[in-house]
Amino acid sequence: MPLVPVLARMERNGVALDLALLSEMSWDLAQRLGELEKEIYGWVGYEFNINSTQQLSDALFGKLGLPATGLRKTSSGSYSTAVDTLESLKDKHPVVNLILEHRQLSKIKSTYVDALPKLVNTKTGRVHTSYNQTGTVTGRLSSSDPNLQNIPVRTEVGRRVRNAFIAEPGWSLIKADYSQVELRILAHVSQDPAMLEAFARGEDIHATTAAAVYGVPLSEVTPELRRVAKTANFAVTYGVTGYGLAQSTGMSQEEAEKFIRNYFARFPKVKEYLDRTKKTAAERGWVETLLGRRRYFPELKSTAPMHAQARAAAERMAINMPIQGTAADIIKIAMVRLQKALDERGLHAKLILQVHDELVLEAPDDELEQTSALVKAIMEGALKLDAPLKVDIKLGRNWGEME
DNA sequence: AACTAGGCT
DNA sequence: GTATAAGCCTAGTTG
């Protein structure tokens, strides 16, 4: 095999940025942050470093005297100023919302808007992340310098950052993401009939879950019920507790515990799978993905006494690894097969991003149809599951606006 | 370097 | 009685 010159290889795998957009965003954010600082100082009565959790805590709980009783504390004993704490204080003082907005905007500005342009390669005009293939315990990749697996998407200002990831003129981005891949893996490995059937029918799995758990017809599932069921579906693969589900949904702990009981009553094989995984982890000292990737838990196998808390934490990791790791195995298989298929067909698309259950390619506009079909077929065919893999394809000129 | 916080799947 | 959802990376503050 001839050596591919480094630069030629890099030109195949970077992603272009809209530097003008990021520059405009940086200026806008600086203005807004300046306004917020003035207002915050006005409410507090003096200037301080809002980025300092210590100084912020002093301002809120000292100077302004906000009620701190019952609030979470950090490991070093001071009052937490994390977002869930601040959310609970929203109604107590008008400065709290200003701080929340300041937090969000300064995160976006420092970590993305101002950092990304500095990492554009001067030779290629693109950013070239590093994908670490041996950096995780589950088999996932990780991404660094910059991390392109945590580019904002949830908020409006965040999504504008994604809009800055663009295709070259004459090219488009193809985004292909696995639909509910971890739940499909859970359905397959647990062989739970209700869950398998929902996927076989192509149903909205979160709505189906809500209907089953609450015992109502699918037509009566409200957005709120679906939201809770969606959170619960994710939480199950993490080894959920009533407390955790309550925190993430807003339910009371009692309601959350009842929900979980109903969930396992409706999906009994899921419960059996979770218990079986915990048991084998303790007996063998390891768990594995469908493809045989292992994660070891010597502490669970050891006869030495374990703190209940440490055991529970290790069990949650053991529950999650085969699910998350199988998803990682699947997308890795797809990536290898996809690059081979692109080469064989003489297609010019470049694989430019992997975000755990999503691939992004840049493809010439006249090859979009053929490339999209190929990507979908290869990703969906990467592994045969009893809950078949499904891939959604979107196209766009940038990563934030795709359809 | 430790800690806190927060962005993503 | 206590802690309580898996896996990552980066930025800013503090000592």
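Since the model is a prediction, treat every value here as computed from it, not as a measurement. Each chain gets a letter, A, B and so on, in the order the sequences are listed, and its residues count up from 1.
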* A/Gln247 CD to C/dA3 P: how many Å, rounded? -> 13 Å

* If you look at every strand shown and take non-hydrogen atoms under 4.0 Å, does A/Ala328 touch a base, only sugar-phosphate, or nothing? -> nothing

* Structure fact -> Residue pairs passing the ring pair (Phe, Tyr, Trp, His ring centres under 6.0 Å) test with at least one member in residues 362-390 of chain A, sequence neighbours excluded, are none

* Side-chain donor or acceptor of A/Asn51 under 3.5 Å from a matching atom on the base of C/dG12? -> no

* Name the nucleic acid region contacted by A/Asn320, choosing base, sugar-phosphate or nothing; use a 4.0 angstrom heavy-atom cut-off, strictly under. => sugar-phosphate

* Classify the nucleic acid contact of A/Ser143 as base, sugar-phosphate or nothing, counting any heavy atom under 4.0 Å across all strands shown. => sugar-phosphate

* Asked: Does a salt bridge link A/Arg159 with A/Glu156, judged by any charged N lying under 4.0 Å from a carboxylate O?
  -> no

* Structure fact -> To the nearest angstrom, the CE-C1' distance between A/Met321 and C/dA6 comes to 12 Å

* If you measure from the P atom in C/dA3 to the same atom in B/dT4, how many Å do you get, rounded? -> 15 Å

* Could you verify whether a donor N or O on one side chain and an acceptor N or O on the other, from A/Gln253 and A/Gln247, lie under 3.5 Å apart? => no

* Under the side-chain hydrogen bond (donor to acceptor under 3.5 Å, both in side chains) test, residues paired with A/Lys258 that sit two or more places apart -> none

* Among B/dA5, C/dC8, C/dA6, the nucleotide that comes nearest once only the side chain of A/Met317 is considered -> C/dA6

* Does the base of C/dT4 carry an N or O that pairs as donor and acceptor with the side chain of A/Arg316 under 3.5 Å? -> no

* Contact under 4.0 Å: A/Arg154 side-chain N or O vs B/dG7 OP1/OP2 -> no

* Asked: What is the distance, rounded to the nearest whole Å, between atom CZ of A/Arg159 and atom C1' of B/dG7?
  -> 14 Å

* A/Lys38/A/Glu35 salt bridge by N-O under 4.0 Å criterion -> no

* **B/dC3 and C/dT4, which share atom name P, separated by this distance in whole Å** => 16 Å

* Residues within residues 265-289 of chain A bordering DNA chain C, heavy-atom distance below 4.0 Å -> none

* Structure fact -> From CD1 of A/Ile50 across to P of B/dG6 the rounded distance in Å is 14 Å

* To do: Using the closest heavy atom to pick a nucleotide of DNA chain C for each, name whichever of A/Gln309 or A/Asn147 lands nearer the 5' end.
  => A/Gln309

* On the 0 to 90° scale, with breaks at 30° and 60°, tag the A/Tyr214-A/Phe259 ring pair as parallel, tilted or perpendicular. => perpendicular

* What nucleotide, of C/dT4, B/dA5, C/dC9, holds the atom closest to the side chain of A/Tyr243? -> C/dT4

* Asked: Listed in order of residue number, which residues of residues 52-61 of chain A have a non-hydrogen atom at under 4.0 Å from DNA chain C?
  -> A/Ser52, A/Gln54, A/Gln55

* Asked: Rounded to the nearest Å, what distance is computed from the CD1 atom of residue A/Ile151 to the C1' atom of nucleotide C/dC8?
  -> 13 Å

* For A/Tyr112, check side-chain hydrogen bond (donor to acceptor under 3.5 Å, both in side chains) against everything at least two apart and list the hits. => A/Asn150

* To do: With C1' as the reference atom in both, quote the distance from B/dG6 to C/dG1 in angstrom, rounded to an integer.
  => 31 Å

* With respect to the phosphate group of C/dT10, does any side-chain polar atom (N or O) of A/Asn150 fall under 4.0 Å of OP1 or OP2? -> no

* Asked: Which of the following nucleotides, C/dG7, C/dT13, B/dA5, is nearest to the side chain of A/His356?
  -> C/dG7

* To do: Please report, rounded to the nearest Å, how far the P atom of C/dA11 is from the CG atom of A/Asp145.
  => 9 Å

* Would you find a donor on one side and an acceptor on the other, under 3.5 Å apart, between the side chain of A/Gln55 and the backbone of A/Ile50? -> no

* Asked: Whole Å only: how far is the CD atom of A/Glu101 from the C1' atom of B/dG6?
  -> 16 Å

* Asked: Any ion pair linking A/Lys279 and A/Asp275 (charged N to carboxylate O, less than 4.0 Å)?
  -> no

* **Distance-only donor-acceptor check, side chains A/Ser78 and A/Ser57, under 3.5 Å** => no

* Asked: Does A/Arg397 come within less than 4.0 Å of A/Glu401, counting only side-chain N to carboxylate O?
  -> no

* Give A/Thr81 one of three labels, base, sugar-phosphate or nothing, depending on what nucleic acid heavy atoms sit under 4.0 Å from its own. => sugar-phosphate

* To do: Calculate the interatomic distance between A/Glu87 atom CD and B/dA5 atom P; express it in whole Å.
  => 14 Å

* Structure fact -> Residues of residues 172-187 of chain A with a heavy atom under 4.0 Å from any atom of DNA chain B, listed by number, are none

* **Selection from B/dA5, C/dC9, C/dA11 that lies nearest to any side-chain heavy atom of A/Ser144** => C/dC9

* Asked: Taking only side-chain nitrogens and oxygens of A/Ser80, does any of them come within less than 4.0 Å of OP1 or OP2 of B/dA5?
  -> yes

* Checking all strands, does A/Thr138 fall into the base, sugar-phosphate, or nothing category for heavy-atom contacts under 4.0 angstrom? -> sugar-phosphate

* Asked: Is the distance from OP1 or OP2 of C/dC9 to the nearest side-chain N or O of A/Thr111 less than 4.0 Å?
  -> no

* Could you tell me whether A/Val83 contacts a base, only the sugar-phosphate backbone, or nothing, with contacts defined as non-hydrogen atoms closer than 4.0 Å? => sugar-phosphate

* Asked: Using a cut-off of less than 4.0 Å, is there contact between a side-chain N or O of A/Arg140 and OP1 or OP2 of C/dA6?
  -> no

* Side-chain donor/acceptor of A/Asp177 to backbone N/O of A/Glu358, under 3.5 Å -> no

* Hey, does A/Ala235 reach any base, or is it just sugar-phosphate, or nothing, if we go heavy atoms under 4.0 Å? -> base

* May I ask you to decide whether A/Arg345 forms a salt bridge with A/Glu367, counting only side-chain N to carboxylate O separations under 4.0 Å? => no

* Donor-acceptor pair, side chain of A/Lys63 and main chain of A/Val44, under 3.5 angstrom -> yes

